[in-house]
Chemist: 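One structure, as structure tokens, below. Some questions next.
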Amino acid sequence: MDVSPRPFLGDIADRIAVLLPGTWTAQVEIYSHPVWQGDLLPWLWDRGEFVRAVENQRVPYAAKLTSDMGVELLLAECGSDPQLGYLVGALSSHQEFDNSYNNPYAPSSIVLPPRPDPAAKAITDTFLPSYHRALHARRLGAVVSALDQLRDEYDAVTAIWESGRSSDGTSLTGHDMVEVNRTFAEYAWRIFRAVLTHAPGLLQQCGAAVADRSADADTVAQLSEALASSQAALNAWRRSQNPAAAQPSARLLPPVEVRTRLGLEAVPAIETWLAARDAFVRIAHSAVPASPAQPAIGETTSAGKPGPPAHSHRPSPRR
């Protein structure tokens with residue numbers, strides 16, 4: 001029987017968790033079969049050495065580090081030599097993102113030293129700041145993309161409302177206009193869900209950044225109120241996607257009807273967000289989380305080891 005010269009990964013993860021800022025827990029996950037290891041790929045939010053290891057090597061186990069703020073990291077041994085240390089990478093939030101494989105915003109995993117204290121310091125000083133900046137950029141990209149799609153459709157529908165004619169010049173009846181509204185609402189709900197999902201974290205970051213700028217603070221407050229006004233609609237949508245939790249009447253409605261009804265409820269919030277789009281983007285860019293501390297001359301990016309080159313509901317692989 002071979003005995004590993006490394007300490008038990010769960011013990012190392014527990015010691016690192018205690019040293020990280022905030023409250024963290026550690027849990028070892030076993031990937032006894034390569035297929036179970038492959039289940040990690042959609043949720044491993046990485047563009048560095050960690051994702052390449054999962055793609056090309058056996059990673060039979062890892063430790064998940066979870067913070068009370070919802071951040072999830074994955075810790076694994078870096079090769080068989082204990083002196084090579086550990087790899088740490090990010091897991092995507094299952095509450096926000098469905099698939100993070102090859103995501104362009106992903107942070108790069110880093111190599112950690114083998115001892116818990118410097119490993120925790122590397123995570124705190126280098127990896128977590130990079131993670132938060134990447135998450136901010138990913139959220140902002142999703143929200144801006146959604147708003148721009150909504151703007152195009154909203155302007156087209158507004159032209160129809162004002163002219164009473166379709167895009168080809170055909171005069172529309174009252175019934176036709178109702179159908180135009182319903183079609184827009186159904187489309188708008190599908191797109192606006194990205195704003196409802198990703199904007200809260202951005203607004204929290206923005207609120208701290210504009211505390212001393214009253215006009216911008218008013219904009220953030222207005223957008224936050226618009227989100228709050230649509231929270232009930234978002235909750236209703238989530239319940240409709242879970243038949244066991246949905247009200248009996250909701251189970252009878254076709255999905256397109258549910259989306260249309262919720263979209264009509266969300267139109268005022270959509271209009272608020274479209275009107276403040278440019279101001280929001282400017283504020284969000286000013287609220288980017290701080291960069292990782294630059295290493296002193298002679299230090300490396302992995303706290304003592306050369307760093308790697310820069311590059312729905314999660315199905316559980318836990319067996």
Side-chain angles (χ1 to χ4, degrees), residues 1-20 24-67 71-94 97-120 122-123 126-128 130-131 134 300-319:
M1 180 179 67
D2 293 332
V3 177
S4 172
R6 289 180 179 273
F8 174 54
L9 181 63
D11 293 340
I12 293 294
D14 285 338
R15 293 170 65 185
I16 290 175
V18 170
L19 297 169
L20 294 176
W24 292 73
T25 58
Q27 178 182 349
V28 173
E29 301 186 337
I30 308 298
Y31 316 119
S32 303
H33 194 282
V35 171
W36 302 344
Q37 175 181 322
D39 288 344
L40 281 174
L41 287 175
W43 316 113
L44 184 58
W45 189 36
D46 182 54
R47 57 189 179 95
E49 188 171 335
F50 208 138
V51 71
R52 293 194 296 274
V54 172
E55 288 174 326
N56 302 315
Q57 304 171 26
R58 274 298 277 131
V59 181
Y61 49 85
K64 185 172 72 172
L65 300 168
T66 304
S67 83
V71 179
E72 291 186 344
L73 308 180
L74 205 62
L75 182 75
E77 295 173 350
C78 183
S80 58
D81 184 348
Q83 296 306 310
L84 292 178
Y86 300 90
L87 281 170
V88 66
L91 292 168
S92 60
S93 168
H94 65 275
F97 306 107
D98 293 330
N99 191 332
S100 294
Y101 185 62
N102 279 338
N103 180 262
Y105 293 103
S108 289
S109 50
I110 64 172
V111 178
L112 303 176
R115 292 183 295 109
D117 286 46
I123 293 173
T126 301
F127 187 76
L128 284 176
S130 295
Y131 167 87
T300 66
T301 59
S302 59
K305 303 297 293 183
H311 298 263
S312 143
H313 204 67
R314 184 182 308 142
S316 175
R318 296 54 160 141
R319 300 295 196 279

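We're numbering straight along the sequence, starting at 1.
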Chemist: For residues Y86 and E77, determine if any side-chain heavy atom of one lies less than 4.5 Å from a side-chain heavy atom of the other.
Modeler: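 The answer is yes; the side chains approach within 4.5 Å.
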Chemist: Are any non-hydrogen side-chain atoms of W45 and P107 less than 4.5 angstrom apart?
Modeler: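 In contact.
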Chemist: Suppose we screen for side-chain hydrogen bond (donor to acceptor under 3.5 Å, both in side chains). Which residues come up paired with D14, at least two apart in sequence or across chains?
Modeler: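 Counting only residues at least two positions away or on another chain, D14 forms no side-chain hydrogen bond (donor to acceptor under 3.5 Å, both in side chains).
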Chemist: What distance do I110 atom CD1 and D46 atom CG have between them, rounded to the nearest 0.5 Å?
Modeler: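 It comes to 10.5 Å.
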Chemist: Would you sort out whether Y101 and V51 count as a side-chain contact (heavy atoms from CB on, under 4.5 Å), showing the intermediate values?
Modeler: CA-CA 9 Å; Y101 185 62; V51 71; 4.1 Å; yes
Chemist: Using side chain to side chain contact (heavy atoms under 4.5 Å, CB included) as the criterion, list what pairs up with T66, not counting sequence neighbours.
Modeler: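 Checked T66 against side chain to side chain contact (heavy atoms under 4.5 Å, CB included); matches are T25, K64, E72.
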Chemist: Less than 4.5 Å apart, any side-chain heavy atom of F127 and any of L73?
Modeler: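 Yes; the side chains approach each other to less than 4.5 Å.
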Chemist: Taking all non-hydrogen atoms of both residues into account, name the closest pair between R58 and S32 and its distance.
Modeler: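 Heavy-atom minimum between the residues: NH2-O, 3.4 Å.
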Chemist: How many angstroms lie between CH2 in W24 and OG in S67, if you round to the nearest 0.5 Å?
Modeler: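 Taking CH2 in W24 and OG in S67, the distance rounds to 4.5 Å.
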Chemist: When rounded to the nearest 0.5 angstrom, what is the spacing between CZ in R52 and CD in E55?
Modeler: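 Reported value, rounded in 0.5 Å steps: 8.5 Å.
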Chemist: What closest approach, in Å, do G48 and S109 show between heavy atoms, and which atom pair accounts for it?
Modeler: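 Closest approach of G48 to S109, heavy atoms only: C-OG, 3.6 Å.
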Chemist: Please report the shortest heavy-atom distance between L74 and E29, naming the atom on each side.
Modeler: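 Answer, listing the atom of L74 first, then E29: CD1-OE1, 4.3 Å.
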Chemist: Residues in side chain to side chain contact (heavy atoms under 4.5 Å, CB included) with P116, at least two apart?
Modeler: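 P116 satisfies side chain to side chain contact (heavy atoms under 4.5 Å, CB included) with I12, R15, I16, L19 once adjacent residues are dropped.
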Chemist: Can you list the residues that meet the side chain to side chain contact (heavy atoms under 4.5 Å, CB included) rule with F8, with sequence neighbours excluded?
Modeler: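 Result, side chain to side chain contact (heavy atoms under 4.5 Å, CB included) vs F8: D11, V28.
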Chemist: Are the side chains of L75 and L112 in contact, using a 4.5 Å heavy-atom criterion?
Modeler: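 They are in contact (side-chain heavy atoms under 4.5 Å apart), so the answer is yes.
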Chemist: Testing the basics here: between W43 and F97, what is the closest heavy-atom pair and its distance to 0.1 Å?
Modeler: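 W43 and F97 have their closest heavy atoms at CZ3-O, 3.6 Å.
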Chemist: Quickly, which of T126, V88, V71 forms a side chain to side chain contact (heavy atoms under 4.5 Å, CB included) with Y131? Name it, please.
Modeler: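 For Y131, the side chain to side chain contact (heavy atoms under 4.5 Å, CB included) test succeeds with only one of T126, V88, V71, which is V71.
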Chemist: If I take atom OG from residue S100 and atom CG from residue L41, how far apart are they, to the nearest 0.5 angstrom?
Modeler: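 Reported to 0.5 Å precision, the distance equals 11.5 Å.
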Chemist: Got a sec, which residues hit side-chain hydrogen bond (donor to acceptor under 3.5 Å, both in side chains) with Q57, two or more places apart in sequence or on another chain?
Modeler: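 Q57 satisfies side-chain hydrogen bond (donor to acceptor under 3.5 Å, both in side chains) with no other residue.
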Chemist: What closest approach, in Å, do F50 and A76 show between heavy atoms, and which atom pair accounts for it?
Modeler: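 Closest approach of F50 to A76: CZ-CB, 3.6 Å.
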Chemist: By ring-ring contact (aromatic ring centres under 6.0 Å, His included), which residues pair with Y105, not counting sequence neighbours?
Modeler: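 In terms of ring-ring contact (aromatic ring centres under 6.0 Å, His included), with neighbours along the sequence ignored, Y105 is linked to no residue.
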